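Down below is the structure, laid out as structure tokens.
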Amino acid sequence: MINITLPDKSVREFESGVTGYEIARNISEGLARNVLSITVNGEVWDIDRPIREDARIKLNTWEDRDGKATMWHSSAHLMAAAIEELYPGTKFGIGPDVENGFYYDIDLGEESISSKDFPKIEEKMLEIARRKERFVRSEVPKSEALDFYSEKGDEYKVDLINDLEDGTISFYKSGNFTDLCRGPHLVDTSPIKAVKLLNTAGAYWRGDESRKQLTRVYGITFPKQKMLKEYLEMLEEAKKRDHRKIGKELELFAFSNKVGQGLPLWLPKGAELRENLEKFLKRVQRQAGYKPVITPHIGNKNLYVTSGHYEKYGEDSFQPISTPSEGEEFFLKPMNCPHHCEIFKTKQYSYKDLPVRLAEFGTVYRYEQSGELHGLTRVRGFTQDDAHIFCRPDQVKEEFIAVIDIVLLIFKALDFTDYSVQISLRDPDSMEKYIGTEENWEKAEQAIIEATEEKGLTAEIVTGEAAFYGPKLDFMVKDALGRKWQLGTIQVDYNLPERFELEYIGSDNQKHRPVMIHRAPFGSMERFVAVMIEHYAGNFPLWLAPDQAIILPISEKYENYAKKVLHLLNNYEIRTLIDERNEKTGKKIRDAETRKIPYMLIVGEKEESDGTVSVRKHGQGDLGTHSIESFVKIIEDEVNKFIKQ
RNA sequence: GCCGAUGUAGCUCAGUUGGUCAGAGCAGCUGAUUUGUAAUCAGCUGGCCGGGGGUUCGAAUCCCUCCAUCGGCUCCA
């Protein structure tokens with residue numbers, strides 16, 4: 001007998017060799033019907049695989065991440081089986097489950113698949129699923145596995161097997177499709193009731209740009225048709241939040257081919273929104289001891305040779321512009337730090353003067369690959385809410401923590417609760433990518449990890465993601481469609497102070513090298529605003545909204561009164577406009593609602609004679625009649641709630 | 001940059017197998033209406049069908065090419 005510990009810590013005894021399915025049945029018939037996989041001592045297994053020793057287990061159903069993963073992984077096999085039937089000779093790469101569904105990378109040779117082919121593949125998948133094909137696990141020696149795929153002519157699988165350790169290799173067979181696979185899988189294909197292929201994409205074999213590009217087919221499956229329907233509806237809803245769509249609808253920003261791709265044009269309302277954010281951060285930074293600086297948009301090539309950026313990016317960035325007579329070369333600035341280093345150098349500092357914190361909303365230009373550009377989230381010209389902190393080595397952690405506090409303050413003010421934190425360190429396998437001494441890297445990485453721990457942040461540590469000059473701490477959020485973007489970033493840098501020979505005079509009257517911290521709590525204004533648009537779906541909080549109130553006169557007879565109200569509100573710095581069109585009130589309200597303007601002020605005969613406004617709140621409706629003073633109070637209270645929290 | 005898809009008025013989209021196929025709604029303009037909490041009515045103006053080249057008697061429609069956008073991959077100081 002063996003002891004099986006369930007997630008609630010209760011222990012049940014079973015015969016050795018019991019399977020997940022049997023345990024589920026022992027608990028309830030319902031669970032047995034729904035169980036998709038079992039986690040045994042932290043490892044996910046097939047539910048028909050015998051358990052022979054004491055174990056902690058968890059039964060995974062559709063409600064569990066691991067249950068979905070099992071289903072989707074099996075669905076990848078199912079899709080591969082369907083594709084193999086429909087397109088004989090297809091070679092298969094890898095086919096994992098992903099956050100929302102699964103994909104399979106395939107090589108169709110001369111054939112190609114596009115979304116037009118999806119229905120027939122989906123149909124074939126459902127047909128196979130209904131056959132209730134069992135996923136049969138088998139283990140064979142490595143040599144036999146190699147033979148199998150060499151014979152089949154699938155070089156991708158051969159490549160994969162060659163990378164595996166010697167010994168036995170597991171296969172899963174379902175119907176006619178056999179796949180190299182670690183598992184786990186469903187018992188059979190029958191739980192897969194609804195199938196939807198989502199899109200195709202090119203994907204380099206093993207993620208390597210120099211290798212062949214395969215066709216990646218993305219799909220998702222569900223145990224119930226209704227769930228698929230809900231998922232597709234959810235996707236539709238998410239698309240409505242897309243900042244590119246809302247940005248157009250609310251006239252926030254635009255792009256023009258004439259200006260150039262990836263170069264955003266901030267329209268008046270978008271600029272208003274952005275300025276409100278900038279004002280907010282400027283106030284926070286002033287309180288935190290930052291000094292504003294302003295630097296030009298271009299910098300001499302020598303600046304970047306000194307900083308090391310030229311060596312790293314010179315060829316892969318916008319090429320230099322040069323002066324007509326002297327032929328001196330200048331780069332559009334791709335970052336602000338070198339300029340700020342030169343500002344630091346204009347003056348001699350005592351250790352008592354540090355930290356020096358130089359802040360600038362600095363616009364930078366980077367050559368991003370054309371296929372990478374994406375609305376406001378990935379552009380070629382953008383403004384960083386940049387600052388560089390020059391401090392003594394003993395101040396690094398304290399300063400780092402103070403920056404984390406600013407980021408968290410911003411996230412709180414904007415109601416961003418769904419973010420993740422990532423610490424990016426060097427890739428120990430390719431140290432040649434980085435500049436700076438081993439000792440400095442070591443110190444910097446340590447400082448970040450300690451500061452993060454001290455703030456109690458749960459951070460994911462990712463090696464190989466560091467900038468070439470130093471490790472970093474990034475704050476990431478997801479957009480409406482689940483894509484992950486980096487917003488705030490904090491980076492420790494021992495390298496630039498070295499290269500720019502920055503110094504301060506210590507208490508020992510000797511010259512010392514300061515440490516630099518790069519930080520941008522928003523990251524870039526463009527990307528931050530993009531994410532914010534999606535976060536609020538365009539319904540911005542009052543303090544940020546480009547227009548805060550719109551006056552809707554019932555008819556042109558009340559236009560004079562409307563103008564009077566407008567002037568009063570403008571005096572209180574409430575961003576107000578009037579809808580003077582010759583339209584019915586219902587129409588004006590509808591349009592104001594569509595424009596997501598927070599407050600509508602309806603004025604007619606009654607309001608004019610009483611000196612009041614009839615207040616309607618966006619998304620809520622009629623708030624009744626208020627005096628101007630009372631309305632101003634409503635606005636001020638709502639704004640202050642954010643600013644003074 | 002790579003793979004695939006898309007590109008028709010300011011916006012959202014129709015346009016069957018190449019032949020009155022250059023359309024609709026919204027927006028805009030004109031006029032009527034003087035309007036009370038999510039669309040008043042009527043008329044009118046908008047397009048070199050992404051750019052360029054080709055096939056054809058004839059191209060929004062077929063082919064080539066460039067550009068841009070979208071979905072991924074790769075990249076991201």
Side-chain angles (χ1 to χ4, degrees), chain A residues 98 103 105 108 112-116 198-218 239 242 244-245 248-249 251 254-258 260-262 304 307-314 316-317 333-338 364-375 377-380 384 435 465-470 472 481 483 485-486 489 491 493 496 518 524 527 552-559 581-594 600-607 614-625:
Chain A
V98 289
Y103 67 79
D105 283 349
L108 290 146
S112 69
I113 285 182
S114 77
S115 54
K116 291 184 202 73
L198 299 166
N199 49 51
T200 61
Y204 300 108
W205 175 236
R206 309 211 118 181
D208 183 345
E209 213 177 345
S210 65
R211 302 212 211 196
K212 183 162 183 190
Q213 196 160 43
L214 307 183
T215 303
R216 175 169 297 180
V217 185
Y218 283 92
K239 277 185 193 152
D242 191 315
R244 292 166 297 188
K245 182 174 156 66
K248 202 181 275 182
E249 287 166 355
E251 298 175 11
F255 290 91
S256 147
N257 292 348
K258 269 217 177 76
Q261 65 175 159
Y304 303 106
S307 72
H309 291 105
Y310 179 74
E311 191 193 340
K312 180 85 182 168
Y313 289 103
D316 302 322
S317 63
K333 72 174 169 186
M335 77 288 300
N336 306 297
C337 31
V364 298
Y365 300 89
R366 297 178 181 176
Y367 173 77
E368 304 285 2
Q369 298 185 88
S370 58
E372 267 311 328
L373 300 173
H374 184 101
T377 49
R378 193 80 185 268
V379 287
R380 285 180 171 167
Q384 297 177 312
I435 57 177
E465 288 291 309
F468 73 97
Y469 54 78
K472 53 181 184 167
L481 291 166
R483 289 175 288 229
W485 298 100
Q486 174 211 308
T489 182
Q491 314 179 1
D493 187 353
L496 276 189
H518 308 244
S524 95
R527 180 176 291 177
L552 312 179
I554 295 290
S555 83
E556 67 190 19
K557 284 189 260 174
Y558 312 107
E559 266 173 29
R581 293 176 306 166
N582 181 3
E583 292 287 353
K584 299 182 91 165
T585 307
K587 170 70 168 167
K588 291 183 181 181
I589 286 169
R590 182 187 154 81
D591 288 347
E593 290 281 355
T594 310
M600 285 150 271
L601 305 175
I602 295 142
V603 295
E605 189 177 354
K606 192 162 82 62
E607 288 77 10
S614 179
V615 180
R616 178 186 166 105
K617 190 166 187 181
H618 168 59
Q620 288 185 21
D622 199 348
L623 296 187
T625 305

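Naming convention: chains lettered A, B, ... in sequence-line order (proteins, then strands); numbering from 1 in each chain. Bear in mind the structure is a predicted one, so any value in this text is a computation, not a measurement.
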Which whole-number value in Å describes the distance from [X] [atom1] to [N] [atom2]?
X: A:D242; N: B:C70; atom1: CG; atom2: P; answer: 9 Å
X: A:K239; N: B:U12; atom1: NZ; atom2: C1'; answer: 15 Å
X: A:L373; N: B:G71; atom1: CG; atom2: P; answer: 12 Å
X: A:Y218; N: B:G72; atom1: OH; atom2: P; answer: 7 Å
X: A:Q369; N: B:C76; atom1: CD; atom2: C1'; answer: 9 Å
X: A:E583; N: B:A39; atom1: CD; atom2: C1'; answer: 8 Å
X: A:Y103; N: B:C3; atom1: OH; atom2: P; answer: 19 Å
X: A:Y204; N: B:C75; atom1: OH; atom2: P; answer: 10 Å

[N] base / [X] side chain donor-acceptor hit below 3.5 Å:
X: A:Q213; N: B:C2; result: yes
X: A:Y558; N: B:G36; result: no
X: A:R366; N: B:C75; result: no
X: A:E368; N: B:G1; result: no

Find out whether [X] and [Y] are in side-chain contact, i.e. whether some heavy atom of one side chain is under 4.5 Å from a heavy atom of the other.
X: A:L601; Y: A:V615; answer: yes
X: A:R581; Y: A:D591; answer: yes
X: A:H309; Y: A:C337; answer: yes
X: A:L496; Y: A:H518; answer: yes

For [N], give the paired nucleotide (Watson-Crick: N1-N3 plus N6-O4 or O6-N4; G-U: N1-O2 and O6-N3; both under 3.5 Å), or none.
N: B:G7; answer: B:C67
N: B:C57; answer: B:G19
N: B:G47; answer: none
N: B:C76; answer: none
N: B:A38; answer: none
N: B:A24; answer: B:U12

Considering only side-chain heavy atoms of [X], which listed nucleotide, [options], is closest?
X: A:Y313; options: B:C76, B:U37, B:U34; result: B:C76
X: A:I602; options: B:U6, B:G36, B:A68; result: B:G36
X: A:I554; options: B:G36, B:G71, B:A68; result: B:G36
X: A:R590; options: B:A77, B:U37, B:A38; result: B:A38
X: A:I589; options: B:U40, B:U34, B:A38; result: B:A38

Measuring only the [atom1] atom in each nucleotide, how far is [N] from [M]? A whole number of Å is fine.
N: B:G54; M: B:G47; atom1: C1'; value: 24 Å
N: B:G51; M: B:A60; atom1: C1'; value: 14 Å
N: B:A14; M: B:C21; atom1: C1'; value: 10 Å
N: B:G28; M: B:A68; atom1: P; value: 32 Å
N: B:U12; M: B:A27; atom1: P; value: 15 Å
N: B:C11; M: B:G50; atom1: P; value: 13 Å
N: B:C67; M: B:G52; atom1: C1'; value: 10 Å
N: B:A59; M: B:G19; atom1: P; value: 11 Å

Residue pair A:Q384 / A:R366: nearest heavy atoms and the distance that separates them
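Nearest heavy atoms, A:Q384 then A:R366: NE2-NH2, 3.5 Å.
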Review point. Do you know the tightest heavy-atom contact between A:M600 and A:I589?
Key: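 The pair with the smallest heavy-atom distance is SD-O, 4.0 Å.
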Look at all strands and tell whether [X] reaches a base, only sugar-phosphate, or nothing, counting heavy atoms closer than 4.0 Å.
X: A:E605; result: base
X: A:E607; result: base
X: A:G621; result: nothing
X: A:K557; result: sugar-phosphate
X: A:A201; result: base
X: A:N257; result: sugar-phosphate
X: A:K606; result: base
X: A:R244; result: sugar-phosphate

Inset, instruction - I would like to know whether A:E593 and A:R616 meet salt bridge (Lys or Arg N to Asp or Glu O under 4.0 Å); could you show each step before the answer? - result: CA-CA 10 Å; A:E593 290 281 355; A:R616 178 186 166 105; 2.8 Å; yes
Would you say a side-chain N or O of [X] is under 4.0 Å from OP1 or OP2 of [N]?
X: A:H374; N: B:C76; value: no
X: A:K212; N: B:C2; value: no
X: A:K587; N: B:A27; value: yes
X: A:R216; N: B:C3; value: no
X: A:Q261; N: B:U69; value: yes
X: A:K245; N: B:C11; value: no
X: A:R483; N: B:C73; value: no
X: A:Y469; N: B:A77; value: no

**Prompt:** Starting at the 5' end of RNA chain B and moving along, which residue's nearest nucleotide shows up first, A:G586 or A:F255?
**Reply:**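 Nearer the 5' end of the strand: A:G586.
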Exercise for the section: Nearest-nucleotide wise, let me know which of A:S112 and A:T585 is further upstream toward the 5' end of RNA chain B. Expected result: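 Of the two residues, A:S112 wins.
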- Does a side-chain N-to-carboxylate-O contact under 4.0 Å join A:D242 and A:K245?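 So A:D242 does not pair with A:K245 through a salt bridge.
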- prompt: Does any N or O in the side chain of A:E607 come within less than 3.5 Å of the main-chain N or O of A:G604, such that one atom is a donor and the other an acceptor?
  reply: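 It does hold such a pair.
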Syn within 90° of 0, anti beyond: B:G46 is syn
*When you look at CD of A:E559, are more than 12 heavy atoms from neighbouring residues, nucleotides or ligands closer to it than 6.0 Å?*
yes
